[in-house]
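Data block below; observations after.
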Amino acid sequence: MDSIVNYKIQISKSLEELSEKFAQLLIEKVNSSKNIFHLALSGGTTPKTIYEHLATHHQSTIIWDKVKFYWGDERCVAPNDAESNYKMAMESLLSELPISAGNIFRIKGEIDPYLAVDHYSSQVLQQIKIKNNYPRFDLIMLGVGEDGHTASIFPNQKELLHSKNISAIAVHPSSRQKRITLTGSVINNASNIVFIATGKNKSKIVDSIINQKDNYEDYPASFIRPIDGELYWLLDEHAASDYSD
Ligand code: 6PG
């Protein structure tokens with residue numbers, strides 16, 4: 001079944017190979033960018049190896065001082081909490097790069113969530129040019145959960161896909177943990193959206209989302225369709241094992 005969304009898919013034999021593919025994509029996009037490159041990082045566990053790969057092998061191949069760093073979502077925890085997406089990215093990548101702290105725009109998970117949304121949304125608005133009525137990130141990196149969530153847009157909060165806001169409060173459906181997430185309106189406005197998924201446990205959801213089949217409409221990641229940007233899926237062979245185009 002043809003997907004109604006145009007996308008580019010790259011399947012790798014290992015997370016190491018996938019990490020290098022992501023690095024090559026960054027090299028292409030960042031180094032050719034005329035201006036500052038606004039990059040939103042993903043949370044979760046998959047990206048950690050990718051960030052470590054970038055820190056180890058790509059200190060000088062990517063023009064890092066062109067990049068301003070953001071997050072697609074953050075848990076409402078302190079920045080030194082083990083659950084913090086900021087902490088994970090700082091330790092595995094950002095602290096290893098020759099970048100200025102002024103180029104890092106973290107979500108303040110430790111403050112009142114309403115204030116965190118206001119603060120993050122105003123920072124994004126201050127830094128990033130508007131196109132199609134929303135700030136246009138150059139690249140947003142996303143994971144996908146087994147329930148089809150992405151960033152922190154969960155199946156029971158699909159209204160966040162079409163929110164007119166830049167960021168919003170979300171609640172994890174099982175842990176009830178509060179999160180701050182970019183909305184689907186902002187994500188779909190990005191120039192490049194890069195999904196990363198690994199592991200057999202993602203294979204069914206990945207096939208359903210990419211090919212818009214089975215219960216794909218239950219899954220928020222199915223509604224990530226760039227308005228006029230590029231959509232990439234970087235998969236390992238386990239996550240791609242049910243996928244066929
Ligand atoms: C988070 C992420 C979340 C993650 C998916 C996939 O804060 O946890 O934003 O959307 O990308 O849950 O996580 P894994 O890559 O760890 O499977």
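FYI, the numbering just counts along the sequence from 1. As the structure lists them, so they are numbered: ligands from 1, and atoms in each ligand from 1.
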Nearest candidate to atom 10 (O) of ligand 1, where distance is taken over non-hydrogen atoms, out of G143, A197, A151, G44 | A151

Considering D147, T46, T181, L41, which one's heavy-atom position lies nearest to atom 14 (P) of ligand 1?
-> T46

Test log, rule side chain to side chain contact (heavy atoms under 4.5 Å, CB included), inputs N211 and Y243 | CA-CA 8 Å; N211 284 312; Y243 165 78; 3.8 Å; yes

Determine which pairs satisfy ring-ring contact (aromatic ring centres under 6.0 Å, His included) with at least one residue from residues 141-185, sequence neighbours left out, and list them in order.
-> H149-F154, F154-H172

Is a side-chain donor or acceptor of [X] paired with a backbone partner of [Y] at a separation under 3.5 angstrom?
| X | Y | answer |
| --- | --- | --- |
| R75 | E83 | yes |
| S208 | K204 | no |
| D236 | A239 | yes |
| N192 | K29 | no |

Per-atom contacts of ligand 1 with [X], taking only distances under 4.0 Å to non-hydrogen atoms:
| X | answer |
| --- | --- |
| S42 | 11 (O) |
| K202 | 6 (C), 14 (P), 17 (O) |
| V144 | 6 (C) |

Answer yes if the ring centres of F137 and Y70 are under 6.0 angstrom apart, and no otherwise.
-> yes

Would you please determine whether [X] falls within less than 4.0 Å of ligand 1 on a heavy-atom basis?
| X | value |
| --- | --- |
| S152 | no |
| R179 | yes |
| G72 | no |

Considering distance alone, does some N or O of D73 sit under 3.5 Å from an N or O of ligand 1?
-> yes

Backbone or side chain, does any N or O of T150 fall under 3.5 Å from an N or O of ligand 1?
-> no

Tell me which protein heavy atom sits closest to atom 5 (C) of ligand 1, plus the residue, atom name and distance to 0.1 Å.
-> H149 NE2, 3.4 Å

Atom 8 (O) of ligand 1: which protein heavy atom is closest, and how many Å away?
-> R75 NH2, 2.7 Å

Just do the side chain to side chain contact (heavy atoms under 4.5 Å, CB included) check on I196 and M141 with the steps written out, would you?
-> CA-CA 7 Å; I196 289 165; M141 185 183 178; 3.5 Å; yes

